[in-house]
> 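Before I ask anything, here is the structure I am working with.
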Amino acid sequence: MPFSPQVHIEALEDPDANAASLLAGLLQPQARICPKHLYDAQGCALYGAICTLDEYYPTRTEAAIFARHRRDIAARLPRNCQWVDLGCGDGAKAFDWLEHVAATRYVGVDIAEDWLRDTLERGAKRFPDVEFVGIVTDFTRPLSLSHVRDSAHDYTPVLFYPGSSIGNFEPDEALALLKAMRQHLGRDGRLLIGVDAPKAVATLEAAYDDALGVTAAFNRNALRAVNRTLGASFEPATFAHRAVFDPERSRIEMHLVALHAQTVRLGVAQRRFEAGETIVTEHSYKYTPERFAELLSQAGFGQIDRFTDERGWFNVFLAAP
Ligand code: AVI
């Protein structure tokens, strides 16, 4: 008889504050939409499609690194661990690990409650000896995982943060998040994290501007999310998708570019966009292995092991306090 999954709701940002910060971003001289608005139900589905595209190498490169080094990595993980799946989505990546590690508890963490419940139900059926717990929380806020038991009292946590999602934070925010993760690990916990690396500009830009236009649709979909949240009047078809790599900052920048001059209603406010003016929707930082190892040690990690592919396109770090 499997455990019945439990779901805990951590304090989420209140809707008024969320709308206020979205509006403030859109009214800045360089308009911005926080990337979390890319991930409504439609956006999550489009992101799932992006991960299968020929041009989007991170997902399959990381999967190949995991497959190749799974035994070696699993042997370095604590026994009876609790597997904390940060931004778990459908849980597929983590479930591949649960086949190989001695996990007693799975903690799925995601902002999308419906999706999380579904993931837990499926996991509980597939792994009847593992306890399934979910935490609904928003990563853009300080990481609080009060339902993760600490190693002194219970199972040792393995924090699993694949997919180079860390790259979507500004470097100072990424450091703060890594520090918060470090604090949850106790003495024996581990962080297993996937991080994309810099490479030829053409390869990077194609990954974020694919021939089928899936990433363009994903980007424009943010405008529909803004329309819902603010009662705004964006017409997504009047904005073009642009993805450029900034080598100095080592990041892909995703923009929406106004195709013609227009005034957009933003609920109680409005804003004029001139033709060619852009809205920044996402940054995706690419870290050299040295730079990311430095960030990990600044966050308080002492032992850092790295696994990569033959081209060095993507790195997986196993970090211990
Ligand atoms: C979720 N995140 C790691 C993706 C990335 O590569 O930065 C989001 C994405 N944006 C466009 N394509 C994929």
Side-chain angles (χ1 to χ4, degrees), residues 9-51 53 56 87 89-90 110-118 136-141 163 165 167-170 173 208-210 212-244 251-284:
I9 318 266
E10 293 276 322
L12 294 169
E13 192 173 17
D14 90 81
D16 291 346
N18 183 38
S21 72
L22 178 56
L23 178 61
L26 282 165
L27 292 176
Q28 278 174 27
Q30 169 60 72
R32 295 192 57 100
I33 296 174
C34 172
K36 71 180 171 191
H37 298 285
L38 290 162
Y39 297 94
D40 63 355
Q42 191 88 59
C44 288
L46 287 165
Y47 178 59
I50 288 173
C51 291
L53 292 170
Y56 194 72
D90 65 5
D110 211 293
I111 193 170
E113 186 179 344
D114 290 351
W115 202 352
L116 182 59
R117 285 185 191 277
D118 218 57
V136 180
T137 192
D138 175 356
F139 269 38
T140 57
R141 293 158 56 74
S165 295
N168 296 132
F169 291 91
E170 296 304 311
E173 296 165 351
Y208 291 83
D209 193 3
D210 57 282
L212 283 177
V214 182
T215 312
F218 170 71
N219 197 8
R220 283 198 197 93
N221 179 59
L223 296 178
R224 301 195 340 169
V226 172
N227 284 347
R228 274 197 314 274
T229 305
L230 289 183
S233 65
F234 278 109
E235 285 175 34
T238 64
F239 283 80
H241 167 67
R242 181 190 289 164
V244 279
R251 71 185 188 197
I252 284 279
E253 293 185 356
M254 277 205 331
H255 294 255
L256 288 163
V257 188
L259 290 172
H260 58 71
Q262 54 191 288
T263 298
V264 179
R265 181 170 41 79
L266 302 169
V268 289
Q270 60 175 37
R271 167 161 187 163
R272 181 156 179 86
F273 291 95
E274 299 304 334
E277 213 176 326
T278 78
I279 305 173
V280 177
T281 50
E282 189 178 60
H283 290 156
S284 190

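The structure presented is a predicted model; accordingly, all values stated were derived computationally and were not measured.
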> Can you name the nearest heavy-atom pair linking D110 to A112, along with the distance?
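Shortest heavy-atom contact: OD1-N, 3.1 Å.
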
> Indicate the atoms forming the closest heavy-atom contact of L26 with F234, along with that distance.
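The answer is CD2-CZ, 4.0 Å.
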
> So for atom CD, which belongs to E235, do other residues, nucleotides or ligands contribute more than 12 heavy atoms lying within a distance under 6.0 Å?
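Incorrect, the count does not exceed 12.
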
> Would you call R224 and D40 a salt bridge, taking side-chain N to carboxylate O under 4.0 Å as the test?
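Salt bridge between R224 and D40, a charged N being under 4.0 Å from a carboxylate O: no.
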
> What distance do N227 atom CG and N221 atom CG have between them, rounded to the nearest 0.5 Å?
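CG of N221 is found 10.5 Å from CG of N227.
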
> How far does CG of L22 sit from CG of L27, to the nearest 0.5 angstrom?
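So the CG of L22 and the CG of L27 are separated by 9.5 Å.
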
> Could you check whether any side-chain heavy atom of L38 comes within less than 4.5 Å of a side-chain heavy atom of Y47, counting everything from C-beta outward?
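L38 does not reach Y47 side chain to side chain.
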
> Is D209 close to T215 at the side-chain level, that is, under 4.5 Å between some pair of heavy atoms?
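In short, these two side chains do not touch, never coming nearer than 4.5 Å.
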
> For residues F273 and A258, report the shortest heavy-atom separation together with the two atoms involved.
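Closest pair (atom of F273, atom of A258, distance): CB-CB, 4.1 Å.
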
> Nearest 0.5 Å please: distance from the CZ atom of R220 over to the NE2 atom of H241.
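Answer rounded to 0.5 Å: 8.5 Å.
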
> Closest heavy-atom contact between R32 and H283?
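Looks like NH1-CE1, 3.7 Å.
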
> If you round to the nearest 0.5 Å, how far is OH of Y39 from CD1 of I111?
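One gets 12.0 Å once the value is rounded to the nearest 0.5 Å.
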
> So, applying side chain to side chain contact (heavy atoms under 4.5 Å, CB included) with E282, which one of N168, I252, N219 is it?
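Result: among N168, I252, N219, N168 is the only option passing the side chain to side chain contact (heavy atoms under 4.5 Å, CB included) with E282.
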
> Roughly how far, to the nearest 0.5 Å, is CG of L230 from NE2 of H37?
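Spacing of NE2 (H37) from CG (L230) equals 8.0 Å.
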
> At their closest point, which heavy atom of R265 faces which heavy atom of Q270, and how far apart are they?
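That closest heavy-atom pairing would be CA-CB, 4.2 Å.
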
> P236 and L223: which non-hydrogen atoms are nearest, and at how many Å?
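Smallest interatomic distance, heavy atoms only, reads CA-CD1, 3.8 Å.
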
> So among Q30, R271, H255, R272, which one has a side-chain hydrogen bond (donor to acceptor under 3.5 Å, both in side chains) with E277?
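Testing E277 for a side-chain hydrogen bond (donor to acceptor under 3.5 Å, both in side chains) against Q30, R271, H255, R272 leaves exactly one candidate, R271.
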
